[in-house]
Structures are given as structure tokens and as C-alpha cells.
Amino acid sequence: MTPKTSLHNAQLSLPIINITPYFLQPSPEVEIQRATVSAAIHAACRDFGFFYLDISAISDPNEPEELTELARRFFHSSQEDKDRLALSNQDYARGYARLKENVTNGKADNHEGIDFYRPVDKPDKTKPLWGENQWPTVPLFRERYETWVEKMKMLGLIVMEAMAVGLGMTPNEWQELRTEVDDSFWVMRAIGYPPLPNDYDGFSCGAHKDYGCLTFLYADPTLGALQVFLRRSEVGPDLSGLPVEQGDEEGVWINADPKPGCVVCNIGEREIWSNGLYNSTLHRVVHRGINYRIPFFFEPNFDALIKPLEAALRIQEKEKENPTLPGNARKVKEYKPIVYGEFLLTKVSNNFANGKGKYDD
């Protein structure tokens, strides 16, 4: 089916959710506020797979703006300087990737980037994902980015807790789940997007879904760059003029433009935990101007066993018993448990032209 874009679709937008109540001291009133936040996140994960997360409670707007400025300085340094941090120096996951070195859907992406992963014990660059991070020599780069990592790790745990409440997990169930994400095998990228050439028949980054748990994306104020595919029917004719990337699914591509004080949050391919209750959403990047993006991927622990949560199964059992739901809503796929690290290794093997790999966004 063809994706739709129309004036009617311009009214479609991602929800904005303020996570502040989860950073306040507990009280009866705060608990009510937290429940409201959790319900909103639950609905957003089911209906969109994407939402804006207001993080003004933990981050001054100047902080991520400084990160993009530091990224700009790095990407504007000489090619020789950037190549000193080449992925091939380490495990082909940590370090700098040249323009069009990353591949999505068999096509080179029109961006360059530098990737950082959770530090590991006894690093060994001959093992996939087990090398050491390579930091630019740009003044304050490492200091500011490592501070951001700590904030995003904290945010990841908070959002996971809010999701647990939204799913109706018991306190014991949440504590058990927390042990699977409390040592997140996180990934952070700084990405530089030059303008797409006029004759380039692709995207800055093609349509894809993220791999793991949660993505927190900060981007500079460029409009119309990040696009999210919403599954919808009867939404009007396609006016985008862009190639079809979503197969036979019917829906619409909408812009997820940056909003002050917010990061864009989306769920990765975590269908196993939710047993398909939450679905990862296709997204892509199209840049006509220069842009910088800082995605942080909050992932499970490397050795985490990912299996369907009892809370999600309880919801699905109740919905199966509801005859008013459409037939597809009552069908439940059975997901098998996986170890996250093993899953990640299979995913990252497909992204690079040389057979190595890393994250998109």
C-alpha cells in the first residue's frame, strides 16, 4: 500500500509526555501523577511506538545543544583526524564511520557518525562489541558526553519503571525486570548529516526499527528530518514524493520535529517483553540541510534473558475474552525467550558495507 500524506494528516502528531512526576519525592498526589504518566506511556507505546518525552526536570536545554556543537566541531575536523578513530581500530562497532559507510536496506546512508558503547571488562578488539571507545580530542567532548550518558541511563530506568506501572506489573515483577536492565549495555551515537545531494534517490538514513529497548533522541532544530510511520487507514493520498519503504502496510509518514525541552523516545524491537503488545515503529531520516543528532540507546543488560512479561500476557488474555475487539487484536503471537547479547550480535552484523555493524538513527 502507498503511504499517505495530506492536509488531514498534518493534524497527526506524536504525544508529549512529561516524566517530571517520577523525579519528585513520593506523596499521594505524586503517585496519582505518576499513574497518569504511566498510562500515557502505555497508550503511546501501543498506538504509536514513539512519543516526545519532556525531560526538563533533569536537563537544561543548553546541555544537549552543547553536545551537538561539540559534534559539529568533530565532524568539521579534517578527514585525517576523524579517520584516526576509525571503527577498524577497534571492534568495528566503536569509533568513527565515514560518510556512506553505514548501510540501511542495502543502501548507503548519507551520514557520518561516531559510536560509543558501554565499557566492558577485559576489552578485546578481536571480539565483536568488546573493544574500547575512541574519544575525539575536541575539548570537553568526552566530559560532556559521559555526563549525558549517566543522565540517559538514569532516565532509562525511570521510563522502564513507568512502563512497568502502565503494564500493571506488581512491585515484585518490576524488581525482577529491573535486574535485567540495571547494567544497560547502552549505545550512544553522534551523527552528522550533510544535505542530501539533489540526485540522491535515497534517504539520509533509510526506514528501520531500532534493535533493543528504548531510544532517546536529541536533534538540533532542523524541521522535517525525522519521519515516523504510523499505521493508519483512510488517511488521504500520498503527497510525499518519496519511495515506498513500509512494504504493504497502510499508513502515513509524519514529521517528528524537535520540541523544546524534549527528546524523542521510541521503543525498539522489544516485542518479546510485551509479547507483541508494544510494536517497534519504522522511522527514517531525510535531510535537506546540515543536521546533528545524538541518539542514546538504553538497552537491556548484555546477558539479560528477554521473555514475555506476565503483566503483558494478562492484558492479552483479557483482550482475547472481549468479543468487541477486532479479530486481529485478539490474536496473540507466541514469542520465545532470547538472550539480549546474542540477539544484538546478530543484529549488528548487517549494517556496514564491510559486513560489520552498528546502530542506525
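Ring pair Y292/F75 is parallel by interplanar angle, where below 30° counts as parallel and above 60° as perpendicular.
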### Message
Walk me through whether R118 and D183 qualify under salt bridge (Lys or Arg N to Asp or Glu O under 4.0 Å).
### Response
CA-CA 9 Å; R118 174 194 175 278; D183 190 19; 3.0 Å; yes
### Task
Kindly determine whether D91 and K125 satisfy salt bridge (Lys or Arg N to Asp or Glu O under 4.0 Å), including the steps that lead there.
CA-CA 5 Å; D91 53 10; K125 66 182 182 180; over 6 Å; no
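Here the two rings, on W135 and F116, have centers that are under 6.0 Å apart. Ring pair F298/W186: centre-to-centre distance not below 6.0 Å. The ring of W130 has its center closer than 6.0 angstrom to the ring center of F302.
Atom CG of L309 is separated from atom CZ of R314 by 9.5 Å, given to the nearest 0.5 angstrom. Taken from OH in Y335 to CH2 in W273, the straight-line distance is 15.0 Å, to the nearest 0.5 Å. Taking CZ of F48 as the start and CD1 of I267 as the end, the distance is 12.5 Å to the nearest 0.5 Å.
Relative to the ring axis of Y22, R34 places its NZ or CZ within 45° and under 6.0 Å from the centre.
Under a 4.0 Å N-O distance rule, the pair R72/E65 does not qualify as a salt bridge.
Checked against side chain to side chain donor-acceptor pair (under 3.5 Å), S78 has the following partners two or more places apart in sequence or in another chain: D81.
Around atom CD of E176, no more than 12 heavy atoms belonging to other residues, nucleotides or ligands sit under 6.0 Å away.
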